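Owing to the predicted nature of the structure, the values given are computational and were not obtained by experimental measurement.
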2 protein chains.
Amino acid sequence: MGISKIDKMHNLSKNQQIIFDLIDKSPEPLKAYTILYNVQKRGIKAPPQVYRALDKLVEMGKIHKIESRNAFIACHNSSCQVDKATAFSICEVCEKVTEISSTGLSKYLANFKDKDGMKYNKYNLEFFGLCKKCRT
Amino acid sequence: MGISKIDKMHNLSKNQQIIFDLIDKSPEPLKAYTILYNVQKRGIKAPPQVYRALDKLVEMGKIHKIESRNAFIACHNSSCQVDKATAFSICEVCEKVTEISSTGLSKYLANFKDKDGMKYNKYNLEFFGLCKKCRT
DNA sequence: TTATAAATGTTATATTATTACATAGTGTTA
DNA sequence: TAACACTATGTAATAATATAACATTTATAA
Ligand SMILES: [Zn+2]
Ligand SMILES: [Zn+2]
Ligand SMILES: [Zn+2]
Ligand SMILES: [Zn+2]
């Protein structure tokens, strides 16, 4: 009990699962201390517990950090297994964040080389604008 | 005295100029509190003075914030007058950061539209990898 | 089993950033 | 000039974000 078979397949520990579930259910990015407040009733009482789980979940590609917001969202892009190639759209009015899943974009960026011929192993892209709702 | 003609043309106030000069001279991104320690001898004594100047300089496009590092670099891209379209390469070993100035990349990203047809007015892209030095 | 690695619990602290309010300078215009 | 609005500055306090350090427990594997 506690951790089911399916959870084990996802390789999530108890704290990781609690924190992932919370982020996954949230319609908006969650900040570390918001997460902390929301999982204290489940026994997670201190920042390091939250940050450790977040770090692992990011490594696994289960969640992504929105750097410009210091907040985390669950990955809903099935092809996105690791934290290597991420792109997001962020509404500057309502703060809605959506993960962008564009083959064209990811191919373009994965193959991008700068002037020095530097090849990258990872990128993060954040677009800012107005979402549909906030545009009208 | 204190603020020269050329500085006025750049519309920098005293604190903005002091802080811009420091960042501009630095070979590496500077963090807000590193800046604070380095300008205390020049009369800037408290965090708000630093953050206010940083905010304005970012608005003007004179400096950029490297979101994944909470650090700031001077803009050396003459076509980059505002904080609207930024791309950087970051070495994960030595933490060297370079602003990428690629017409192809900026055109591609400026014209990128997601599935919902959302048009963006701003983006920030950070590439991670190994710089020339650290690769050998 | 024994060893190893991974995860957890806990306290304290470090780092990054903002609020709030008082004061001073700058430019515009009546 | 005087009045006004606007921008920038100075200062203290505090909020928000993140990590260090160390003890303990749990999971995995030899
Ligand atoms: Zn993803
Ligand atoms: Zn919106
Ligand atoms: Zn620039
Ligand atoms: Zn390097």
[X] [atom1] to [N] [atom2], straight-line distance once rounded to whole Å:
X        : N       : atom1 : atom2 : value
Ile44(B) : dA8(D)  : CD1   : C1'   : 12 Å
Ile19(B) : dT9(D)  : CD1   : C1'   : 11 Å
Leu12(A) : dA27(D) : CG    : P     : 14 Å
Lys45(B) : dA12(D) : NZ    : P     : 9 Å
Glu67(B) : dA18(D) : CD    : C1'   : 16 Å
Tyr51(B) : dA13(D) : OH    : C1'   : 15 Å
Arg52(B) : dC21(C) : CZ    : P     : 14 Å
Asp55(A) : dT8(C)  : CG    : P     : 12 Å

Gln49(A) side-chain proximity, nearest of dG9(C), dA17(C), dG10(D): dG9(C)
Cationic N near anionic O, under 4.0 Å, Lys96(A) to Glu28(A):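 Salt bridge absent between Lys96(A) and Glu28(A).
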Side-chain (Tyr108(A)) to main-chain (Leu105(B)) donor-acceptor, under 3.5 angstrom: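 Judged by distance alone, yes, a pair lies under 3.5 Å.
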Indicate whether OP1 or OP2 belonging to [N] is found under 4.0 Å from a side-chain N or O atom of [X].
X        : N       : value
Asn11(A) : dA6(C)  : no
Lys65(B) : dA17(C) : yes
Asn70(B) : dA18(D) : no
Ser13(B) : dT7(D)  : no
Lys56(B) : dA8(D)  : yes

Full working for side-chain contact (heavy atoms from CB on, under 4.5 Å) between Ser26(A) and Phe72(A): CA-CA 10 Å; Ser26(A) 173; Phe72(A) 299 84; over 6 Å; no
Aromatic ring pairing Phe127(A)/Tyr123(B), orientation class (parallel under 30°, perpendicular over 60°, tilted between):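 Ring orientation of Phe127(A) relative to Tyr123(B): perpendicular.
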Verify same cluster id: Phe88(A), Leu125(A) (apolar side-chain graph, 4.5 Å): no
Within residues 27-41 of chain A: residues closer than 4.0 Å to DNA chain D (heavy atoms): Lys31(A), Tyr33(A)
Minimum-distance pair of heavy atoms, taken over all atoms of Ile19(B) and Gln49(B): CD1-O, 4.2 Å
Of Pro47(A) and Pro48(B), the one whose closest DNA chain C nucleotide lies more 5': Pro47(A)
Pair Val50(B)-Tyr33(B), side-chain contact (heavy atoms from CB on, under 4.5 Å): steps then yes or no: CA-CA 8 Å; Val50(B) 172; Tyr33(B) 276 73; over 6 Å; no
